[in-house]
Peer 1: 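Questions regarding the structure given below will be posed in turn.
Numbering of ligands and ligand atoms starts at 1, following listing order.
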Amino acid sequence: MKDILERLDQRRHNAWLGGGQKRIDAQHARGKLTARERIALLLDRDSFEEFDTFVQHRCDDFGMADNKVPGDGVVTGWGTVNGRTVFVFAKDFTVFGGSLSETHAAKINKIQDMALKMRAPIIGLFDAGGARIQEGVAALGGYGEVFRRNVIASGVIPQISMIMGPCAGGDVYSPAMTDFIFMVKDTSYMFVTGPDVVKTVTNETVTSEELGGAKVHTTRSSVADGAWENDVEALLQLRRLIDFLPSNNTDGVPVWDSFDVADRVDTSLDTLVPDNPNKPYDMKELIHKTVDEGDFFEIQEAYARNIITGFARIEGRTVGIVANQPMVLAGVLDSDASRKAARFVRFCDSFEIPILTFVDVPGFLPGTAQEYGGLIKHGAKLLFAYGQATVPMITIITRKAFGGAYDVMASKHIGADINYAWPTAQIAVMGAKGAVEIIFRSDMNDPDQIAARTSEYEERFLSPFVAAERGYIDEVIMPHSTRRRIARALSMLATKQSERPWKKHDNIPL
Ligand code: HXC
């Protein structure tokens, strides 16, 4: 019996070495951890239960019959993050470059099926060279099985991808269908085809970093939702994100102890909005001063910075925050900002996370670049996402809410439950200058007339009270009471029910 136990130990030890010490050393030399080291950091200590440690590929071509490594390039199993179950797979770059074979795919499929059955989040740690070239179509079939499960699980359990090395070919499309993609700076890159193929097809010379590094995907393509300095920081931040997320679409948000009282007053908010309506201020200051302990996990921080999206808590419960940022492009809505916020709103609605919207928006960005780029359709994505959402929605207008952007940014008309405005709010079709130029065109040569008309317009329309008179705004509130108002509204809205007519699915303007 002792022999048998020792043999198991030995086999396990061999499996844990993956592609061997030399390749592990090479991984470390590149500043990357191994698959098992990453899992150990991501999960609670000693909570990992591994599956399929001894699975091997079945390929005989190209000398593969004599080249088998237990585990076949992916480590799979489950564990806990701060006590909550998650399923995980981590590509092992030391084994065939983490490439995906038929059996490697089957291991991931098993974890996907279990995560869905158990209604628990699934996390993929990527560091891989795409389809196992020696296996050909068997590997392509394997990818298809992974993709199909990504789609079925979408909106049921959170799916998160962390890119921690190369991620090429088939390995990019599974992350692309998950809820969030994060990257590690300098060591990870993602592309459908690498620099060599790009050179052959388009004659462009480009490095891996320039083609698909963390900077490109967090600032230009918006493929990635965030990036961190190294493996350790990335995995610790991932733990932080998981603490914000519900396990599935029916359990509701996790509840953590809050050390911040719900009725905390912050008088500095009374002077946050400058007297000059064209002067910017930092909307993140309002967010940090409103949420529990100032803890805000931003999504897509480096992309379309004219809108802010991210998770925070009020009274220990997660809320999704969408906010215009007056510091960037005056907080205007453009195509990129609309797409960014729409995707975030839909994530929150899928997983029953209440949405808090802070509004200071001068309108949609005019111009040919925006119109040719499809602003109408992209803006409609955000309109659609808010209109479709049935979760509790609270909106606070701090300053401008102009034109169509007023409607779009979680107005009462589009379905928000509670709409508050600060006394500094200006809810109107447009700013005073533009309005006067249009409706009093005949007075344009008389400066006195223009000044008089402008102040008349400002007095009447650039305030929250016209909207409040109609009930479009539920109450004009003191800025310092914002946190208390939100906390009270969220607790009242906790029992919200909202029925919609049956449909197979909607047709969001993609
Ligand atoms: C089999 C692979 C592999 C692959 C890497 N390896 N990619 N084995 N299939 N796809 C192996 C290498 O042979 C090597 O084995 C080890 O992994 C490490 O690879 P290196 O090239 O030495 O590492 P590095 O220089 O860091 O380069 C990493 C890489 C490069 C950029 C990922 O290996 C690469 O370009 N691989 C091919 C990428 C690719 O074209 N994949 C197919 C995509 S098509 P040894 O034994 O030497 O350690 C695809 C279609 C699916 O995925 C579409 C579905 C929609």
Peer 1: Provide the full list of salt bridge (Lys or Arg N to Asp or Glu O under 4.0 Å) pairs with a residue in residues 72-85, sequence neighbours left out, each pair given once.
Peer 2: D72-R132
Peer 1: Does the plane of the ring in F89 sit parallel, tilted or perpendicular to the ring in F126? Use 30° and 60° as the thresholds.
Peer 2: perpendicular
Peer 1: Scan the protein's non-hydrogen atoms and note whether one is under 4.0 Å from atom 34 (C) of ligand 1.
Peer 2: no
Peer 1: To the nearest 0.1 Å, how far is atom 1 (C) of ligand 1 from its closest protein heavy atom, and which atom is that?
Peer 2: Q134 OE1, 3.3 Å
Peer 1: In plain terms, say whether E293 and R313 are close enough for a salt bridge, that is, a side-chain N and a carboxylate O under 4.0 Å apart.
Peer 2: no
Peer 1: Which residue, F297, F344, F351, forms the ring-ring contact (aromatic ring centres under 6.0 Å, His included) with F311?
Peer 2: F344
Peer 1: Please report which non-hydrogen protein atom sits nearest to atom 50 (C) of ligand 1, along with the residue it belongs to and the distance in Å to one decimal place.
Peer 2: L140 CD2, 3.7 Å
Peer 1: Among protein heavy atoms, which lies nearest atom 38 (C) of ligand 1, and at what distance?
Peer 2: G129 O, 3.2 Å
Peer 1: Measure from atom 41 (N) of ligand 1 to the protein's non-hydrogen atoms and state whether any distance is below 4.0 Å.
Peer 2: yes
Peer 1: Could you check, using the six-membered ring where one of them is a Trp, whether H217 and Y189 have ring centers closer than 6.0 angstrom?
Peer 2: no
Peer 1: Quick test of your reading of the structure: of S99, S101, G97, whose heavy atom lies closest to atom 17 (O) of ligand 1?
Peer 2: G97
Peer 1: Where is the nearest protein heavy atom to atom 45 (P) of ligand 1: which residue, which atom, and how far?
Peer 2: R23 NH2, 3.6 Å
Peer 1: Any idea which protein heavy atom is nearest atom 27 (O) of ligand 1, and the distance to it?
Peer 2: F93 CZ, 4.5 Å
Peer 1: Measure centre to centre between the rings of H104 and Y143, then say whether the value is under 6.0 Å.
Peer 2: no
Peer 1: Need the ligand 1 atom indices (1-based, order shown) with element for anything under 4.0 Å from a heavy-atom of G170.
Peer 2: 49 (C), 50 (C), 51 (C), 52 (O), 53 (C), 54 (C)
Peer 1: Is the ring pair F96/H57 parallel, tilted or perpendicular, if the boundaries are 30 and 60 degrees?
Peer 2: perpendicular
Peer 1: Measure the distance from atom 31 (C) of ligand 1 to every protein heavy atom, then report the residue, atom name and distance (to 0.1 Å) of the closest one.
Peer 2: Y189 OH, 3.9 Å
Peer 1: Within the 4.0 Å heavy-atom shell around G169, which atoms of ligand 1 are there?
Peer 2: 43 (C), 49 (C), 52 (O)
Peer 1: Return the residue, atom name and 0.1 Å-rounded distance of the protein heavy atom closest to atom 9 (N) of ligand 1.
Peer 2: I133 N, 3.1 Å
Peer 1: Closer than 3.5 angstrom, by distance alone: can the side chain of K185 be matched with the main-chain N or O of N230 as a donor-acceptor pair?
Peer 2: no
Peer 1: Quick one: which residue pairs count as a salt bridge (Lys or Arg N to Asp or Glu O under 4.0 Å) with a foot in residues 137-148, not counting sequence neighbours?
Peer 2: E145-R148, E145-R149
Peer 1: Return the residue, atom name and 0.1 Å-rounded distance of the protein heavy atom closest to atom 24 (P) of ligand 1.
Peer 2: R30 NH2, 3.7 Å
Peer 1: Would you mind listing which atoms of ligand 1 come within a distance below 4.0 Å of any non-hydrogen atom of G130?
Peer 2: 52 (O)
